[in-house]
Amino acid sequence: MTTMSGKGYGISRRGLLLASGAVVFAGRQRAYAEARPTKPDLLVRDGDATVSVFALSDRAFRVRVSRKPDPGGAASEMLGGSPLRPRVRKTSHSAGARLSVTHARCDWDAKSGCLSFFDRDGALLLAEAPGTRRIDPHEVGGERTQAVTQGFVSPPDERLYGTGCFQDGHLDIRGLPRRLTQVNTQISQPFLLSSKGYGLLWHNEGMAEINTPGEAIPLVRQAVASAGQTTDVTTSSGNARVERREAEFVGRFTVTRRGSHAFLLDLGRKMSSRHYVEIDGKPATDLANPWLPPTASFLRDLEPGEHSVLVRTLQEDAPVLTFGPVEDRTTWSSPVSEEIDYVVIAGPDAAEVMAGYHALLGPQPMMPLWALGYIHCRERFHSSEEILATAQEFRRRKLPCDMMVQDWQYWGKHGWNAMRFDEDNYPDPAGLVRDLHALDMRLMLSVWSKVGKETALGKDVAARDFYIPGADWIDFFNPNAARFYGRAQNDRLASAGIDAWWQDATEPENDDLVGRSIYAAPGSKQPGEKRRNLYSLQVSRAVYEAQRSAYPDKRVMILTRSAAPGQQRYGAATWSGDIGNDWETLRRQIPAGLNMAAAGQAWWTVDAGGFFRPGKAQYTDPAYHERFIRWFQFATFLPMLRVHGYMTDTEFWRYGETVEGIARSYLDLRYRLLPYTYALAAQASSHGMPIIRPLTFDFADDPAALDQVHSYMFGPAIHVAPVVAPDAREWDVYLPRTAGGWYDFWTGAHREGGRTHRVPAGLERIPLHVRAGSVLPLGPVRQSTVDLAGGDLDLLVYPGRNAAATLYDDDGTSYRYETGQAARTTLDWDDATGALTIGARRGGFAGMNAQRTLRAHLMGPDRAALALDWAPETSYTGQAVRLVLRT
């Protein structure tokens, strides 16, 4: 397996220690928790507020501003602590004070009452905006709390990324308003990554908002549409058919200055299905889906004067549209909080920010190797027989696959999420798992965070008072309830050998903590609003800790529909929820995933082909087949590859030979790339580097690259430009500036960086380019990941600049890598001499191949990656080898 290394991507000694896992799981967790600082390094009064600054690491500061004279230490569910307390230098003077650590500096200005943050070279990264700090009394659920706001200066040339998976289609979110709630299709992460070289975590467990517009546009309801539309949807109690009617609202508003204006549409309900706004007769946002978040955002350039607006929603929506000019400021606010609380992490480049954030979050485990293969889902299998027959057909057709997924309702007569299979259709779950394992496949099972109160399990939950009052959701904030749930899942399901867990609807569905009380301490409750964005973290932790305790040598793999900072510690991946299948939805998934990556969540994917599909017509409709192919091509270059589909048998062969053939070619490619991808996974585990990333990670000095919303890097070597429109046979691709340019993966054609190219993009081809100065390992075509580690490789060397990479292998399924059982081999390409040096292998693991065959290929124009000719074979036994590929 391999990681690439260029500027900012070298693995530090500390990173290698983290990657090799020098300490075991329990010891690692204790070391992080014990290192968390409890006393501030700087404590000052600003009017009636106390400002506390903590140096968390050698590049990060935490700021807390409270009305309390001494706020004291504050625990954190998000942060795992810092592995090493930094050396802090403090100086005070009449104008303020300064804290310095190795890679960052924080200055307090007594006159303005503001903090500023600098990188190791003294360059300004971030500054609080004067006069923007607010801490106002508030009340929720009868409890006193605070509503807090803090603004930060944002220069016009800044680009901002992050805040998670949103459906508004924006990648650069500078000036954009967003309401950070957890709902189906929206995953909120209060973290921003700046092109200026810093990361900011708004450390708040409840809802947060960014850049909230201040002026509401009066809207007048028009006539309701006479005809409704009946739609099949998923709900928290199963499938349902609902009738939806649309309504229109109109209004007028006045703009006083020319320029960009920000808009936030609030539909007034927990979920809706229509985001549509026209400004002056032109659509500003347009997205329809059976489930959409309650808010949507967009930016528009407007001239001074009066403007008209039309909002199209569902009949039962109560839309409110607010707007305001985009300012040179980023403003965070939380309506329910105890204090202003944020963390600043200095880069100056994105890789350093991610490494710094990763260190604060704490140890992040490796995903199993098989989780990076193909994961096959449908809604849903109805029996063990169906699952096994489908798996056998995959093998018969030689379609690579590593996992079958059983979606909901397998519990049948036993009731909602009874943690029990209905024996009528699943007579021997353990036998099913054994049969799948015999086919080199795994089984993932859907398990919910709600348990039907009519079930035997639910009655036990109720008897112990482990439900959230008034709901069927388990109160995971209660540690006793969390442990009970984890043990129940182990005893009732994991004992059958289930390999992976689909923890569905962990928002919980429809932001359902609002208006409810949750556990606070023994004998006391607190309003759910206080911690409404952390429910998914609690679920993942409960399952992970129970699994690691019961099966300590088996990697935990969780797929869950929501996420929170800190969830990275619990083996959890997430996806973009119950999305549609249209072109616009596909387009919007790309920035959604890239902003998840920029927010520090390395494991994100989609329902390839869309969850809500066009019914039975999908099997014969050429238009849908084209969309499906483009969806699948995109998904091939995500951290995890899976399809899913509501009320759909999603198997490739059901769509005809063309779809099956193209899908097979991308499955084959996915498996051939696993040596590259698995090493990216190792880097995500050791350094927090996301597997997919926006171009700002690798090309921050190329403004044109930063304008690209629908292309990205898959690791440091591969540029991906998904086709997101129908009938395309060519596609415009901007290739960022880079020494040596780029090579077309499919043809080998060399293309210059820093310009847009019209490249072939027939139905069978997604535009892929490999960066000059890359060593790309390809393995053989396989049907699963079994026995993949340490196999034979083709090493594709793309010249034009020097290259560095690392092959990484471990056993793929256990946690033994944490105690050093992993193998790494460096690959160094010297472009001037044409020599590839394969370094001496470092480390090893039980069952590792002592010898592997390596074939090195010097790539160039007209050398296609998948049509390699003969190359000399090198028998690599762990000793350094130097190969001259060009004289």
Side-chain angles (χ1 to χ4, degrees), residues 373-374 376 394 397-401 581-583 586-587 589-590 606-610 613 618-638 641-643 645 650-674 676-677 692 710-712 714 717-733 735 742-751 757-770 776 778-783 794 796 859 861-869:
Y374 172 60
H376 183 68
F394 267 88
R397 292 174 179 265
K398 297 192 180 302
L399 291 163
C401 182
N581 68 81
D582 56 281
W583 290 107
L586 171 57
R587 278 190 286 271
Q589 298 320 293
I590 301 171
V606 298
D607 289 346
R613 296 190 176 196
Q618 66 184 291
Y619 301 114
T620 56
D621 180 8
Y624 178 73
H625 292 179
E626 180 186 15
R627 290 200 304 279
F628 176 84
I629 288 167
R630 296 308 194 186
W631 271 96
F632 194 72
Q633 290 169 343
F634 161 57
T636 300
F637 297 93
L638 293 178
L641 172 61
R642 54 189 286 276
V643 299
T650 56
E651 294 76 37
F652 305 106
W653 55 84
R654 302 185 189 280
Y655 299 87
E657 292 182 2
T658 298
V659 171
E660 181 181 355
I662 294 176
R664 176 183 288 103
S665 68
Y666 281 86
L667 288 169
D668 289 346
L669 177 57
R670 173 78 180 191
Y671 278 76
R672 293 203 66 187
L673 283 169
L674 282 174
Y676 173 72
T677 312
I692 61 169
H710 300 112
S711 60
Y712 60 95
F714 184 66
I718 301 177
H719 180 278
V720 184
V723 175
V724 292
D727 303 322
R729 295 299 175 262
E730 294 182 314
W731 198 248
D732 287 335
V733 178
L735 294 174
W742 299 84
Y743 294 86
D744 189 308
F745 177 84
W746 304 106
T747 67
H750 182 266
R751 296 190 174 102
H757 300 265
R758 190 77 168 166
V759 302
L763 188 60
E764 75 291 344
R765 184 173 296 180
I766 183 175
L768 296 178
H769 289 83
V770 183
L776 186 65
L778 293 181
V781 173
R782 291 180 179 268
Q783 295 303 297
D794 287 286
L796 281 58
M859 307 304 288
D862 303 321
R863 296 209 71 189
L866 300 183
L868 298 173
D869 51 18

What is the minimum heavy-atom distance between [X] and [Y], and which atoms define it?
X    : Y    : value
R630 : A728 : NH2-O, 3.3 Å
R664 : K398 : NE-O, 3.6 Å
R765 : T747 : NH1-CG2, 3.7 Å
A865 : L796 : CB-CD2, 3.6 Å
W583 : V724 : CE3-C, 3.4 Å
T650 : G645 : CG2-N, 3.6 Å

Atom [atom1] of [X] and atom [atom2] of [Y]: how far apart are they, to the nearest 0.5 Å?
X    : Y    : atom1 : atom2 : result
L673 : F745 : CG    : CZ    : 5.5 Å
C401 : L641 : SG    : CG    : 9.5 Å
L586 : H710 : CG    : NE2   : 8.5 Å

Sidechain-backbone polar pair: [X] side chain, [Y] backbone, donor-acceptor under 3.5 Å:
X    : Y    : answer
R863 : G748 : no
H625 : Y619 : yes
W731 : I766 : no
Q633 : L763 : yes
R672 : P780 : no
R654 : Q618 : no
W631 : N581 : yes
Y666 : F637 : no
Y655 : F628 : no

Are the side chains of [X] and [Y] in touch, meaning some heavy atoms are under 4.5 Å apart?
X    : Y    : result
H376 : E651 : yes
L667 : F652 : yes
V643 : D607 : no
R782 : L674 : no

Evaluation steps, side chain to side chain contact (heavy atoms under 4.5 Å, CB included), between V759 and R751: CA-CA 10 Å; V759 302; R751 296 190 174 102; 3.5 Å; yes

Among Y712, W742, Y743, F714, ring-ring contact (aromatic ring centres under 6.0 Å, His included) partner for H719: W742

Worked check of side chain to side chain contact (heavy atoms under 4.5 Å, CB included) between L776 and I718: CA-CA 9 Å; L776 186 65; I718 301 177; 4.0 Å; yes

Neighbour count >12 (heavy atoms, 6.0 Å) for atom CG, D732: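 Yes, enclosed.
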
D582 bridged to R627 by N-O distance under 4.0 Å: no

Side chain to side chain contact (heavy atoms under 4.5 Å, CB included) assessment of D727 paired with E626: CA-CA 8 Å; D727 303 322; E626 180 186 15; 3.9 Å; yes

Trace of the side chain to side chain contact (heavy atoms under 4.5 Å, CB included) decision for W653 with R397: CA-CA 9 Å; W653 55 84; R397 292 174 179 265; 3.4 Å; yes

Y671-Q783 side chain donor-acceptor pair, cut-off 3.5 Å: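 Q783 and Y671 do not have a side-chain donor-acceptor pair below 3.5 Å.
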
